[in-house]
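This report refers to the structure that appears directly beneath it.
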Amino acid sequence: MSVTEQGLLERDKDTMTLNMGPQHPSTHGVFRVILEMDGEVVKTAEPEIGYLHTGIEKNSENKRYLHVIPMTDRLDYLNPPGNNLAFCLATEKLLGVEIPPRAQALRVIMCELARIASHLVWLGTHALDIGAMTVFLYCWREREMILDLNEEISGVRMMTSYIRVGGVAKDATRRWLDGICDFIDYFPAKVDEYGALLTKNPIWMDRTQGIGVFSKEEAINWSLSGPALRASGVNWDIRKSRPYSGYEKYDFEVPIHDGGDIYDRYRVRVEEMRQSLEIIDQAVRDLPAGDYKTPDNKVSLPPRETLHTSMEALIHHFKLVSEGISVPKGETYVPIEGPRGEVGFYIVSDGTNVPYRVKLRAPSFMAIPGMCQMMTGCYIADVVGIIGSIDIVMGEVDR
Amino acid sequence: MTGEEIIAKVKSSLPDAIQDTALPHGDAVVFVAPDCLQKLAAFLKDDPSLKFDYLSDVSGVDYLIEEREPRFEAVYLLYSIDHSHSIRVRVGIDEENPSVPTVSEIWKGALYPEQELFDMFGFHIAGHPKMERLIMPKEWVGHPLRKDYPLTTEPITFSYNRDFKSELVKSKSPNQE
């Protein structure tokens, strides 16, 4: 018998079954949780997902590698460059392609901009859920600047598809780099502003401190990752532990707190925004010259102007557009550090131009059982705060 | 530890459980039978020099087109936060009896991906507390990520315009059949 059939209130029990979502504004998408309430206290929380299932993994098995990239944008729609990068890194590992340093730096800049934009969305909506309306408006103002930068370099504001197998789609423009420099000057004061509104705000502290606590061991055992794990005192950032795309060249810190509650997850993310800005600053300042994609024409398209003069370029162009990249037989998994944690693609190739199996390791999907574990025993008013603090994106949960 | 060292260590400690090993691109990969999975998982987590305390993901693969025997495979991606090394455990699963024991008692994080394996591939996860559909609707028939499950358009059940409906059905693109 489903919950709806059962009726929301059963009078012969001591507990009350309460349905939250999938259309609830604070579940950040279409997440549904069925709460068994004993008065104000949550006894059990049963998650229900699948409302946004679009079959991206199944679709990927029927599309060429290049065609999968736009679909990865739609998985975690707040972090499109990160998803592109995870997919491209896995494919490149199978192909054995070297990526030029300029392309790597451009990838890092895009990923870090996306991390800031994603944390801004998170901070705004999370504060709004708890009742701080102003922060939401401020965060949206700054996010708009990042979306404009995305538009400048890729032509699209959100679903950029900018990172491609073998490099990136286009070279950086002067206007884009100038825009980033302006943003670097402008943004730190704004992060201070959010801090001034929230960090020492007694209402905010009351609503977040000591709530939704997860110990270090619990957080690891329940496969939390990213900021949620680092707020529980685990020093693990894939950018440091297994550097990819040249992250080892940048000097930055990994913010760690050991409270494991909502407040510490907030602090970790806000500090991460500052560190991301550090990385962008270093990457823009020392942006290497050279190619923005690999010169290997079996993987990336030859320059447009060579098509009129070089027969070989024309053949490569034709083969790549009509047939796509053929990836050697094998299987691999490459993780990266997304705004929500470990994003990785497990790709099985059978040697053709279509992937045999594509599996996304989605941090939000893996965090949901742990999140519901956190809810048990807390007050109903805190459920909203806990969902917000884990920062789930339903696009990558349901895929 | 490097991939080779991990494989050597696992092989020497559990010689009869490991069916095969591989080292693609330097990643440690071990193959086990379903009945040895829990033993191996407990060893990988508890051994102090390996200490795979973090389960990244569990993935399923259907090797129907490659005509491999056994047809299915479950892949466990493990990571050690202290030692920063990783391993992939690949478990071959029979077509007749697609059953694999749960590792959710060892890593709680396995609860969801294992339930997804049931939903998408139809594996029976022995010992899993909740063997029901996760992503697909409860009344769904079939397991979508199997290779014999076709990728088709959804039949249109209702339209205001009858002609429009028949046109839509006709214009199905050929690569979606």
Side-chain angles (χ1 to χ4, degrees), chain A residues 2 46-53 55 57-59 61-63 93-94 96 216-225 229 234-236 238 240-242 329-335 342 344-348 350-351 356-363 365-370 373 397-399, chain B residues 22 24-27 29 45 53-66 68 73 75 77-88 90 104-113 115-116 119-120 130 133-138 140 144-147 149-151 154 175-177:
Chain A
S2 77
E46 194 61 47
E48 177 90 35
I49 62 169
Y51 294 99
L52 207 60
H53 180 58
E57 283 179 7
K58 182 78 178 172
N59 260 318
E61 293 172 10
N62 295 273
K63 287 199 170 5
K93 196 170 172 185
L94 286 170
K216 196 173 171 174
E217 290 71 32
E218 276 177 313
I220 293 174
N221 202 13
W222 284 95
S223 289
L224 295 192
S225 55
L229 192 61
V234 183
N235 183 1
W236 178 42
I238 300 169
K240 288 278 189 195
S241 68
R242 300 165 124 192
K329 206 170 165 140
E331 43 109 41
T332 195
Y333 174 74
V334 182
E342 180 186 346
F345 275 94
Y346 178 71
I347 297 181
V348 181
D350 56 351
Y356 190 78
R357 170 91 170 99
V358 175
K359 168 81 168 89
L360 170 76
R361 192 272 178 204
F365 174 77
M366 298 297 286
I368 283 184
Q373 179 70 19
V397 172
D398 296 337
R399 280 158 289 156
Chain B
H25 309 280
D27 303 342
V29 179
K45 192 182 177 188
D53 49 358
Y54 189 84
L55 179 105
S56 280
D57 203 1
V58 186
S59 168
V61 189
D62 178 1
Y63 285 108
L64 176 73
I65 297 169
E66 300 213 328
R68 249 189 238 183
E73 203 169 75
V75 185
L77 306 167
L78 305 175
Y79 182 75
S80 166
I81 289 175
D82 288 352
H83 302 304
S84 311
H85 55 215
S86 61
I87 192 170
R88 279 205 291 278
R90 293 171 61 174
S104 61
E105 282 144 29
I106 300 161
W107 300 283
K108 285 272 190 248
L111 283 171
Y112 247 39
Q115 202 180 335
E116 195 195 351
D119 190 356
M120 291 296 173
K130 203 176 171 193
R133 296 236 177 230
L134 180 69
I135 289 171
M136 302 308 282
K138 299 270 180 287
W140 197 263
L145 281 178
R146 287 192 175 192
K147 286 284 178 187
Y149 187 98
L151 182 72
E154 203 174 319
N175 66 347
Q176 287 187 318
E177 298 216 329

Practice task
Search all heavy atoms of A:S241 against all heavy atoms of B:S84 and return the closest pair with its distance.
Solution key: CB-OG, 4.0 Å
Handout entry: Which portion of B:D53 sits near chain A, non-hydrogen atoms under 4.5 angstrom
Key = both
Fill in the blank from the handout: When the 4.5 angstrom heavy-atom criterion is applied to B:R90 and chain A, the contacting part is side chain
Fill in the blank from the handout: Honestly, the part of B:P113 sitting under 4.5 Å from a heavy atom of chain A is both
Practice task
Establish, from distance only, whether the side-chain atoms of A:Y346 and B:S56 form a donor-acceptor pair under 3.5 Å.
Solution key: no
Handout entry: Stepwise side-chain contact (heavy atoms from CB on, under 4.5 Å) check, A:K359 with B:E116
Key = CA-CA 12 Å; A:K359 168 81 168 89; B:E116 195 195 351; 3.7 Å; yes
Problem - Option that, when pairs with chain A are counted at under 4.5 Å, heavy atom only, ranks first among B:R88, B:M136, B:K130 - result: B:R88
Problem - Largest heavy-atom contact set with chain B, pairs under 4.5 Å, which of A:I238, A:V348, A:D398 - result: A:V348
Problem - Heavy-atom proximity to chain B below 4.5 Å, by part of A:L52 - result: neither
Exercise for the section: Using non-hydrogen atoms and a 4.5 Å limit, figure out which bit of A:Y356 sits close to chain B: side chain, backbone, both or neither. Expected result: both
Practice task
Return the option, out of A:R357, A:E57, A:R399, A:H53, with the maximum number of heavy-atom pairs under 4.5 Å with chain B.
Solution key: A:R357
Problem - Contact winner vs chain A - B:A110, B:S86, B:P137, B:S104, heavy-atom pairs under 4.5 Å - result: B:S86
Practice task
State, to 0.1 Å, how close A:N221 and B:I106 come at their nearest heavy-atom pair, and which atoms those are.
Solution key: OD1-O, 3.3 Å
Practice task
Kindly say whether A:I220 contributes a backbone atom to a donor-acceptor pair with the side chain of B:K108 at under 3.5 angstrom?
Solution key: no
Exercise for the section: Check each atom of A:E342 against the heavy atoms of chain B and say whether the ones under 4.5 Å are side chain, backbone, both or neither. Expected result: side chain
Practice task
Identify which part of B:D62 has an atom lying under 4.5 Å from any heavy atom of chain A, answering side chain, backbone, both or neither.
Solution key: backbone
Exercise for the section: Kindly compute the distance separating NZ (B:K147) from CD (A:E61), expressed to the nearest 0.5 Å. Expected result: 3.5 Å
Completion exercise
Bottom line for B:L111: the part with an atom under 4.5 Å from chain A's heavy atoms is side chain
Problem - Residues A:W236 and B:Y79: side-chain donor-acceptor under 3.5 angstrom - result: yes
Exercise for the section: Among the options B:L77, B:D27, B:D57, B:V75, pick out the one with the most heavy-atom pairs lying under 4.5 Å from chain A. Expected result: B:D57
Problem - Which atoms of B:L55 approach chain A - backbone, side chain, both or neither, heavy atom under 4.5 Å - result: both
Exercise for the section: Check each atom of A:P47 against the heavy atoms of chain B and say whether the ones under 4.5 Å are side chain, backbone, both or neither. Expected result: both
Practice task
Identify which part of A:R242 has an atom lying under 4.5 Å from any heavy atom of chain B, answering side chain, backbone, both or neither.
Solution key: side chain
Handout entry: Heavy-atom closest contact (B:Y54 atom, A:L224 atom, distance)
Key = OH-O, 2.9 Å
Completion exercise
Honestly, the part of A:V397 sitting under 4.5 Å from a heavy atom of chain B is backbone
Handout entry: Residue part contacting chain B, namely of A:K240, when any heavy atom lies under 4.5 Å
Key = neither
Exercise for the section: Give the intermediate values and the outcome of side-chain contact (heavy atoms from CB on, under 4.5 Å) for residues B:V61 and A:E331. Expected result: CA-CA 11 Å; B:V61 189; A:E331 43 109 41; over 6 Å; no
Problem - Expected output: side-chain A:K58 to main-chain B:P144 donor-acceptor under 3.5 Å - result: yes
Problem - Residue B:V58 versus chain A: region with a heavy atom under 4.5 Å - result: backbone
Exercise for the section: Give, as side chain, backbone, both or neither, the part of A:E218 having an atom under 4.5 angstrom from any heavy atom of chain B. Expected result: neither
